[in-house]
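Everything on this sheet refers to the single structure shown next.
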Amino acid sequence: MNNTEIADIFDRIANLLEIKGEIIYKILAYRRAAESIRILSADLSGLSEKEILDVPGMGQAIAQKIQELLVTGKLDFLQQLENEVPPSLIELLKVQDLGPKKVALFWKQVGITTLAELEQAARADKLSSLPGMGSKSQAHILAGIKTLKQEKKRLPIDKALTIAEKWLEKLRGLKGLKQVEIAGSLRRWKPTIGDLDFVGSSDEPTAVMQDLLTLKGIQQVLSQGNNKTSVVTEDNLNLQLWLQPPKRFGSLLQFVTGSKEHNVRLREFALKQGLSLSERGFVDQKLKETLCPNDADVYRILGLPYIFPEMREDRGEIQAAIEHRMPDLVSIEDIRADLHVHTDWSDAHASLEDMVQAAINRGLKVLAITDHSAATNGVNGLNENRLKEQASEVQKLKEKYGQSITLLHGIEAEILEDGSLDLAENALAKLDIVVASLHEHLYQPRDVITARLVKAIRNPLVDIIAHPGGRELPRTNGADLNWEEVFQAAKEYQVALEINSNPVHLDLDEVHARSAGEFGVIISIDTDSHATHKFENLKFGVSVARRAWLNKQTVINTWPTEKITGWLKNRK
DNA sequence: GCCGTTTTCGGCCCGACTGTTTTCAGTCG
């Protein structure tokens with residue numbers, strides 16, 4: 001049983017306990033344990049009991065359940081729980097505005113156990129007479145079921161950002177709105193986005209909120225108030241606008257940026273200092289307020305260094321801030337090299353020279369041309385002859401643009417089924433840089449595919465492993481790798497693992513990038529551009545590195561040119 | 001069920017909005 005399956009079981013337990021009416025703190029404990037397991041890069045099955053207890057959120061009770069699951073593949077506690085509470089009720093929790101209390105009410109009083117039965121009962125007006133219910137609540141349930149059936153999927157960050165920027169422009173046009181910013185998971189640069197959160201400041205919130213509802217592209221109003229209004233947009237996304245007066249804007253921005261779990265931790269920390277924190281600001285024990293116009297004020301008043309939004313996930317960042325051991329995060333301005341781009345020599349749209357010029361225009365100082373090799377399917381990959389031809393073209397461009405940029409000639413070589421590369425050693429040895437990657441046979445058993453990737457890492461000609469997990473969203477989550485072995489080899493052989501900036505890859509993902517960094521593996525953030533405008537994707541790769549707490553120094557793209565070329569030479 | 005700058009027991013974030021109520025419960029973020 002793997003980590004994801006175990007995490008899912010703890011979430012399942014939490015849901016069932018909640019419907020059962022168990023105290024909320026026990027439920028939160030299971031949810032925290034599940035999340036903690038999800039972001040764990042080591043396999044639980046490889047950890048000792050003591051190591052499991054060292055994972056945040058793991059105590060005796062949960063550690064024992066993990067052991068039982070690992071050994072037997074089952075959990076007695078869960079089976080008993082499922083005998084008490086029908087597991088089909090969990091589905092009902094997904095209906096908007098339907099929580100554990102009402103689900104339990106419908107189950108116990110009407111005998112509803114499935115979504116279909118719930119819909120039937122609502123249609124037959126069997127719910128409106130129940131305690132705490134009414135005709136509006138019943139109608140909401142029917143609407144919620146309808147929405148659920150439409151299956152709103154989380155959007156990839158690039159698409160969400162485009163839509164959010166469109167709405168940001170619209171919101172800026174609202175009269176009486178002094179400031180407005182994107183908040184929520186988008187401000188944290190989460191790779192997928194569920195809804196759009198905006199925060200604003202105004203001294204006349206009623207008017208602003210009314211104006212909001214007159215904007216074009218609003219399908220439906222979910223709730224409306226002076227502090228918070230929630231709508232559904234034409235993009236079929238939930239959009240929320242939160243408002244506070246300007247002098248409270250910072251605490252509002254901090255709050256709506258989240259994550260929820262980060263806020264809970266931060267508020268607990270504030271309470272230890274006798275301060276109650278909310279989106280309105282701080283209140284001390286004598287009810288004296290301290291207001292925060294900027295979100296940095298919140299952290300400053302707590303005596304903490306600023307915590308960047310990308311780190312606000314309750315993954316140890318508050319403890320790190322308390323101890324003043326914050327990473328020196330990489331930012332987009334630090335990136336001066338792109339070591340993985342394509343041209344129309346293989347499957348890209350732009351010519352060699354176009355890509356070089358685009359890189360120069362973006363201020364890059366080092367660019368590696370790494371077209372596909374012949375063994376990669378359907379990409380017009382280069383064999384040795386064409387690679388040789390390309391080399392002379394690259395040489396011309398090196399001479400033409402050498403003042404502005406250091407050009408490297410390379411390849412993205414295919415890692416074959418047995419871990420070897422698809423070009424002869426002498427051809428690879430002539431190149432400035434070799435990027436290697438997996439595209440085919442991704443579903444080999446864990447041991448086999450790990451050995452295959454490790455073999456490529458040990459190949460002295462290989463400098464970078466591109467998109468190491470091989471994931472391509474939403475088609476595949478990638479290979480089942482033993483990451484510890486991969487990191488060990490990469491560290492030992494000084495091979496860089498890539499964070500691929502293309503939103504369909506974002507691979508390494510933030511969890512593995514973080515543990516790679518902790519392992520001491522060097523990282524390369526590349527765009528894998530197939531067109532000149534795709535250099536824009538760099539911000540997504542950088543966001544993964546920031547969410548992974550990577551120090552600037554571990555990212556080779558921030559290094560001075562001589563250090564990059566020196567690293568490449570020493571590897572040959 | 002977890003956890004410790006006050007704690008090995010007694011805490012565990014906080015406010016907004018809706019719909020049901022006549023002061024509040026439920027849900028959400």
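A note on names: the letters A, B, ... follow the listed sequences, proteins ahead of strands, and every chain is numbered from 1. What you see below is based on every heavy atom in this structure, not just the backbone, and it leaves out hydrogens, waters and symmetry mates.
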Aromatic ring pairing A:H467/A:H505, orientation class (parallel under 30°, perpendicular over 60°, tilted between): parallel
Sugar-phosphate only, base, or nothing, as touched by A:L271 at under 4.0 Å among non-hydrogen atoms: sugar-phosphate
Any A:S230 side-chain N or O less than 4.0 Å from OP1/OP2 of B:dC17: no
Steps toward side chain to side chain contact (heavy atoms under 4.5 Å, CB included) verdict (A:L118, A:I141): CA-CA 9 Å; A:L118 179 71; A:I141 286 172; 3.8 Å; yes
Length of the line joining A:I27:CD1 and B:dT27:C1', which is rounded to integer Å: 14 Å
Working for side chain to side chain contact (heavy atoms under 4.5 Å, CB included), residues A:W167 and A:L237: CA-CA 11 Å; A:W167 279 99; A:L237 280 172; over 6 Å; no
Rounded P spacing from B:dG15 to B:dT20 in Å: 26 Å
Spacing of the P atoms in B:dG4 and B:dT18 (rounded, Å): 39 Å
Per A:H140 side chain, nearest of listed nucleotides B:dG29, B:dG19, B:dT5: B:dG19
Residue met sooner reading DNA chain B from 5', once A:K101 and A:S135 are mapped to nucleotides: A:S135
Sole residue of A:K190, A:H262, A:K260, A:R547 in side chain to side chain donor-acceptor pair (under 3.5 Å) with A:E313: A:R547
Distance, rounded to the nearest Å, where A:I52 contributes CD1 and B:dG1 contributes P: 17 Å
Cation-aromatic face contact A:R546/A:F308, 6.0 Å, 45 degrees: yes
side-chain hydrogen bond (donor to acceptor under 3.5 Å, both in side chains) between A:N15 and A:R31, worked out: CA-CA 9 Å; A:N15 286 332; A:R31 295 234 162 91; 2.7 Å; yes
Sugar-phosphate only, base, or nothing, as touched by A:S276 at under 4.0 Å among non-hydrogen atoms: sugar-phosphate
Closest to side chain of A:D197, choosing from B:dG26, B:dC13, B:dG29: B:dG29
Interatomic distance at P, B:dC17 relative to B:dT22, whole Å: 23 Å
d(CG, A:N227; C1', B:dG29) in whole Å: 14 Å
Proximity to the side chain of A:V264 - top-ranked nucleotide from B:dC13, B:dT27, B:dG1: B:dC13
Sugar-phosphate, base or nothing in reach of A:I23, heavy atoms under 4.0 Å: base
Selected nucleotide, minimal atom distance to A:R267 side chain, candidates B:dT18, B:dC28, B:dC13: B:dC13
Atom-pair distance (CZ on A:R280; C1' on B:dC17), nearest Å: 15 Å
Distance below 4.0 Å between A:Y30 side-chain N/O and B:dG1 OP1 or OP2: yes
Sugar-phosphate only, base, or nothing, as touched by A:P100 at under 4.0 Å among non-hydrogen atoms: sugar-phosphate
Closest listed nucleotide, where the reference is the side chain of A:Q224 and the choices are B:dT18, B:dG1, B:dC14: B:dT18
Residue A:K272, side-chain heavy atoms: nucleotide from B:dT5, B:dG26, B:dC13 that is nearest: B:dT5
5′-ward residue of the pair A:L28/A:Q96 relative to DNA chain B: A:L28
Rounded distance (Å) that lies between atom P of B:dC28 and atom CD of A:E279: 17 Å
Short side-chain to backbone donor-acceptor contact, A:K170 and A:K216, under 3.5 Å: yes
Cation over ring face, A:K65 and A:F77, 6.0 Å, 45°: yes
Residue A:I62, side-chain heavy atoms: nucleotide from B:dT20, B:dG1, B:dG15 that is nearest: B:dG1
Candidate nucleotides B:dT27, B:dC14, B:dT20, ranked by approach to the side chain of A:K136 - the nearest: B:dT20
Base-pairing assignment for B:dT8 (Watson-Crick or G-U wobble, both under 3.5 Å): none
Nearest-Å distance once atom C1' is located in both B:dG29 and B:dT23: 24 Å
P spacing across the pair B:dG1 / B:dT5, given as an integer number of angstrom: 23 Å
Distance, C1' atom - from B:dC14 to B:dC9, rounded to whole angstrom: 25 Å
Spacing between A:L196 atom CG and B:dG29 atom P, to the nearest angstrom: 13 Å
Protein-nucleotide distance (A:E18, atom CD; B:dC28, atom P), rounded to Å: 9 Å
Selection: residues 241-263 of chain A, any non-hydrogen atom under 4.0 Å of DNA chain B: A:F255, A:K260
Whole-Å C1' distance, B:dC28 and B:dC13: 14 Å
Neighbour count >12 (heavy atoms, 6.0 Å) for atom CD, A:E518: yes
Nearest heavy-atom neighbours spanning A:I39 and A:V511: O-CG1, 3.4 Å
Nearest-angstrom distance, P atom, B:dG10 to B:dA16: 33 Å
Distance, rounded to the nearest Å, where A:K228 contributes NZ and B:dG15 contributes P: 14 Å
